[in-house]
Amino acid sequence: MNALSKKRWIRLIPVVFITYSLAYLDRANYSFGAAGGLAHDLNITAATSSLLGALFFLGYFFFQIPGAHYAENQSAKKLIFWSLILWGILATATGLISNVKLLFVIRFSLGVVESAVMPAMLVFLSHWFTKAERSRANTFLILGNPATVLWMSIISGYILESLGWRWMFILEGLPAVIWAFLWWKLVNDHPKDAKWMTDEEKTALNQALLAEQQGLKPVKNYKEAFKSKTVILLSLQYLLWSIGLYGFVMWLPSIINSAPNASLVTTGWLASIPYLLACILMLTVSFLSDKLQNRKLFVYPFLLIGAVCFYGSYLIGTTNFWLSFILLTIAGGCMYAPYGPFFAIIPEILPRNVSGGAMALINSMGALGSFAGAYIVGYLNDATGGYGASYNFMAISLLASAVLTVIATNKKKTKDIKDKTIPIQEL
């Protein structure tokens with residue numbers, strides 16, 4: 001199995017990482033474009049800019065479950081191939097328009113096209129990696145999020161300074177179209193189709209994955225799975241978590257850019273620091289979660305720390321920019337840290353025929369939280385003329401998310417579900 005594990009990690013994880021990185025690049029660079037001249041050139045107010053930033057997530061909400069269903073029952077490979085092409089075209093088109101109405105259409109359409117990527121990727125990884133590896137595999141997928149913002153923050157600052165916001169969108173959108181054809185060449189939906197694996201390796205992996213499914217009582221359909229209290233609570237938890245996370249992601253460049261003597265290049269460098277911490281924490285946390293086979297312990301404490309840091313930044317206000325920035329950096333890193341363990345929970349409590357749909361439901365609720373976070377944080381910043389109210393809003397959301405994590409994964413609740421619906425292993 002060691003040779004098998006090495007092959008899968010080396011062959012698949014870099015491809016998965018790059019693919020999700022490109023997806024995240026083309027959704028997150030809007031905040032840099034808005035701060036770097038787009039809002040000014042198109043006469044977009046702060047409130048409208050908030051709505052445009054958030055509109056992506058409204059489109060992102062609608063096709064999560066259909067995407068997961070198609071990926072599980074048809075082909076994640078084909079779904080992601082066409083998604084890459086379409087979102088690359090839409091992202092590039094953002095740099096070509098001069099009409100705000102078209103920008104509304106593009107942002108919403110970009111969300112629709114990208115909506116299937118996350119659940120399809122999670123389904124894809126569940127076909128290739130076992131329970132003992134899943135937190136780390138998920139983390140390398142989602143690591144594309146902070147790692148992309150890390151380098152995007154720096155590169156986008158230079159592109160904006162040198163070429164302007166239009167070229168930033170064009171130069172950062174085209175790689176997705178090119179990568180689509182590499183994705184198609186490099187991956188297979190299932191191990192049985194992989195020519196780079198021996199028959200013995202395919203059999204061993206298939207047996208390991210089947211053994212995991214045998215411990216789970218069959219669940220007939222999505223309706224039955226979605227009625228699970230654990231799925232419902234985790235959906236609400238992820239919604240609240242995403243409010244804090246995407247409020248932070250979408251508005252961090254503007255928060256930093258408001259500091260005295262800040263330039264676009266300086267903003268880019270400073271905005272990259274929280275994501276460097278996020279990458280380090282995500283890798284560490286996923287390794288420990290897989291090693292100890294404990295998910296809850298590596299989710300709620302980090303959300304709690306994030307909430308405390310947001311509140312601390314609110315208390316400091318504008319009196320000490322650097323101390324406030326350090327707290328925001330810690331909050332950003334801690335909000336990303338639990339992703340791998342969190343998305344390893346559902347495949348361990350639900351059988352394969354419904355686990356993808358359940359993860360898509362949770363992710364779709366996260367999209368609603370992202371919409372709320374991006375829009376409400378921007379609205380509060382505009383209405384109050386500062387960032388204190390939005391810091392409090394994000395802190396409360398993360399605190400509630402941490403509490404729900406504990407409730408959703410407590411031993412009594414999981415035992416009750418085991419008795420009534422499906423067996424649940426130690427989270």
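Here the structure is a predicted model, which means the values were calculated and not measured.
Looking only at distances, a side-chain donor or acceptor of Asn73 sits under 3.5 Å from a matching main-chain atom of His69. Judged by distance alone, the side chain of Lys77 and the main-chain N or O of Val187 form a donor-acceptor pair under 3.5 Å. Using modelled atom types, no side-chain atom of Arg166 and backbone atom of Thr94 make a donor-acceptor pair closer than 3.5 Å. Judged by distance alone, the side chain of Ser135 and the main-chain N or O of Ser289 form no donor-acceptor pair under 3.5 Å. Distance alone, capped at 3.5 Å, is enough to place a donor-acceptor pair between the Thr148 side chain and the Ser21 backbone.
The ring of Tyr238 has its center closer than 6.0 angstrom to the ring center of Phe343. Aromatic ring centroids of Phe81 and Trp184 lie under 6.0 Å apart.
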Output a table of donor-acceptor pairs, distance under 3.5 Å, between side-chain atoms of residues 110-125 and any protein atom two or more places apart or on a different chain; print 'none' if there are none.
residue: Glu114; atom: OE1; partner: Arg27; partner atom: NE; Å: 3.2
residue: Glu114; atom: OE1; partner: Arg27; partner atom: NH2; Å: 3.2
residue: Ser115; atom: OG; partner: Val112; partner atom: O; Å: 2.7

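In the model, Ser397 has no side-chain atom that pairs as donor or acceptor with a side-chain atom of Trp241 under 3.5 Å. Using modelled atom types, one finds no donor on one side chain facing an acceptor on the other under 3.5 Å when comparing Arg134 with Ser126.
Tyr336 is not listed as a side-chain neighbour of Leu281, based on a closest heavy-atom distance of 4.5 Å or more. Between Arg11 and Met197, every side-chain heavy-atom pair lies at or beyond the 4.5 Å cut-off. Counting heavy atoms from C-beta outward, Ile44 and Leu103 have side chains that approach closer than 4.5 Å.
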